[in-house]
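Only one structure is covered here, and it is reproduced in the block below.
Note on naming: letters A, B, ... go to the chains in the order of the sequence lines (proteins, then strands), and numbering restarts at 1 for each one.
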2 protein chains.
Amino acid sequence: MRESKYDLPCNIAQTLNIIGDRWTLLVLHEILAGSRTFNEIKKELNGISSNILSDRLKHLEQAGLVISSLYSEHPPRYEYNLTESGNELEGIFNAMILWGRNNLEKCYKKIIHTECNHEVELAYYCPHCNQNVDELEAVELDAVDTTGLK
Amino acid sequence: MRESKYDLPCNIAQTLNIIGDRWTLLVLHEILAGSRTFNEIKKELNGISSNILSDRLKHLEQAGLVISSLYSEHPPRYEYNLTESGNELEGIFNAMILWGRNNLEKCYKKIIHTECNHEVELAYYCPHCNQNVDELEAVELDAVDTTGLK
DNA sequence: TACACTAAGTTATAAAAAACAACTTAGTTG
DNA sequence: CAACTAAGTTGTTTTTTATAACTTAGTGTA
């Protein structure tokens, strides 16, 4: 795992400090997709080595994205699951799948609405305006609103 | 840049093969945020070294996410901009910012609807059903629909 | 016109991370 | 009891990154 973290006041950099290491996002996605045990995950992620998977699971558990639990005492067997934080990564996964759908030359997946089987699009819903909106802005959390002020 | 790519039939892995290297996503985000020249980007990305930035820009141009253009002949100066593919990464950036908003202990940004200044949520719009939907599924592109079939 | 300075890198080397392969430990199966 | 599986750990090699110094071309200024 990377020792040197990004030192930037930015959600993206800080998020990458947690999920930005090689294999990390794929491990998380694999758990979300249903793999639970060490070897199940390893088998699906063609090319990952034991020590890296071991390391990533350990750090993800520390970071609170994954939780491991003993599901058999004899022999001791662990299963890995996502925490609430881990599950919320689905927005990132979906954004990547959708980007890939439009921009990869070799694309494997699409995201469909289960009921009607049609592909969906990303949208942003404003609870205040009670509708989807397009005009977005990423702003500093503590920023003072200066709109219209001199 | 990483020589060994993920060899997995998965949009996420393939997308990470393009944008998954250390610093890469941050470079792209910095360009999106308005930095245009080599040193502007370097200045904003505290800690990145010249050779890495140089390498990343070169590969991103090859991958078609960034385009560089001479904006001054004397002295020769380049500026970097995102292509359409590069701009479409905004969905991924937003997903990460929103994840960070809920899950980072130290969060820096939020995403607001420009008009009303309220925070937005991620949603998925189904053009067929003409509404936002929750029940999603990531499916193989060539998958045959077996819903309801024996 | 010489000196310092900026932009945009390149090169060389050191340090860190990842890959690879072999080994371990505990238990189970034939 | 020999072979096999799960879930790792350890040691070594290879790749990536980081750090720092250097280059090239032009500008500004005393």
Review point. Can you check the B:Asp21 CG to D:dT15 P distance for me, whole Å?
Key: 15 Å

Practice item. Calculate the interatomic distance between B:Arg56 atom CZ and D:dA18 atom C1'; express it in whole Å. Key: 11 Å

Sub-3.5 Å pairs of nitrogen or oxygen atoms, protein against nucleotides 8-10 of chain D:
unit_1: D:dG8; atom_1: OP2; unit_2: A:Tyr80; atom_2: OH; d: 2.5
unit_1: D:dT9; atom_1: OP2; unit_2: A:Ser54; atom_2: OG; d: 2.7
unit_1: D:dT9; atom_1: OP2; unit_2: A:Lys58; atom_2: NZ; d: 3.3

**Study point:** Which residues share a side chain to side chain contact (heavy atoms under 4.5 Å, CB included) with B:Glu137, sequence neighbours left out
**Key:** A:Ile112, A:Thr114, B:Val139

Study note, to complete from the structure: From CD of B:Glu40 across to C1' of C:dG9 the rounded distance in Å is 16 Å

**Study point:** Length of the CD1-C1' vector between B:Ile48 and C:dG9, whole Å
**Key:** 13 Å

Check your understanding: Under 4.0 Å between a side-chain N/O of B:Thr37 and OP1 or OP2 of C:dA8, yes or no?
Key -> yes

**Study point:** By side chain to side chain donor-acceptor pair (under 3.5 Å) - contacts of B:Ser54 (at least two apart)
**Key:** none

Check your understanding: Can you check the A:Leu26 CG to C:dA19 P distance for me, whole Å?
Key -> 11 Å

Atom pairs and distances, side-chain donor-acceptor, residues 24-39 of chain B, under 3.5 Å, sequence neighbours left out:
unit_1: B:Thr24; atom_1: OG1; unit_2: B:Asp21; atom_2: O; d: 3.2
unit_1: B:Thr24; atom_1: OG1; unit_2: B:Arg56; atom_2: NE; d: 3.3
unit_1: B:Glu30; atom_1: OE2; unit_2: B:Ser35; atom_2: OG; d: 3.1
unit_1: B:Arg36; atom_1: NE; unit_2: B:Asn81; atom_2: OD1; d: 3.1
unit_1: B:Arg36; atom_1: NH1; unit_2: B:Ile31; atom_2: O; d: 3.0
unit_1: B:Thr37; atom_1: OG1; unit_2: B:Glu40; atom_2: N; d: 3.4
unit_1: B:Thr37; atom_1: OG1; unit_2: B:Glu40; atom_2: OE1; d: 3.3

Check your understanding: Nearest-Å distance, CD1 (B:Ile41) to C1' (C:dG9)?
Key -> 13 Å

Point to revise | Phosphate OP1/OP2 of C:dA16 contacted by B:Arg22 side-chain N/O (<4.0 Å) | key: no

For residues 91-103 of chain A, run the donor-acceptor check on the side chains, cut-off 3.5 Å, and write out each pair with its distance to 0.1 Å, sequence neighbours left out.
unit_1: A:Asn94; atom_1: ND2; unit_2: A:Glu90; atom_2: O; d: 3.3
unit_1: A:Asn94; atom_1: ND2; unit_2: B:Tyr124; atom_2: OH; d: 3.1
unit_1: A:Trp99; atom_1: NE1; unit_2: B:Ser85; atom_2: O; d: 3.0
unit_1: A:Arg101; atom_1: NE; unit_2: A:Glu119; atom_2: OE1; d: 2.9
unit_1: A:Arg101; atom_1: NE; unit_2: A:Glu119; atom_2: OE2; d: 3.3
unit_1: A:Arg101; atom_1: NH2; unit_2: A:Glu119; atom_2: OE2; d: 2.7
unit_1: A:Asn103; atom_1: OD1; unit_2: B:Ser85; atom_2: OG; d: 2.6
unit_1: A:Asn103; atom_1: ND2; unit_2: A:Trp99; atom_2: O; d: 3.0
unit_1: A:Asn103; atom_1: ND2; unit_2: B:Glu88; atom_2: OE1; d: 2.9

Point to revise | Nucleotide C:dA16, atom P - distance to NZ of A:Lys5 in whole Å | key: 15 Å

Review point. Side chain to side chain contact (heavy atoms under 4.5 Å, CB included) with B:Asn46: which residues, sequence neighbours excluded?
Key: A:Asp7, A:Leu8

Study note, to complete from the structure: From CD1 of A:Ile52 across to P of D:dT14 the rounded distance in Å is 17 Å

Check your understanding: Distance from B:Glu121 atom CD to B:Asn132 atom CG, nearest 0.5 Å?
Key -> 10.0 Å

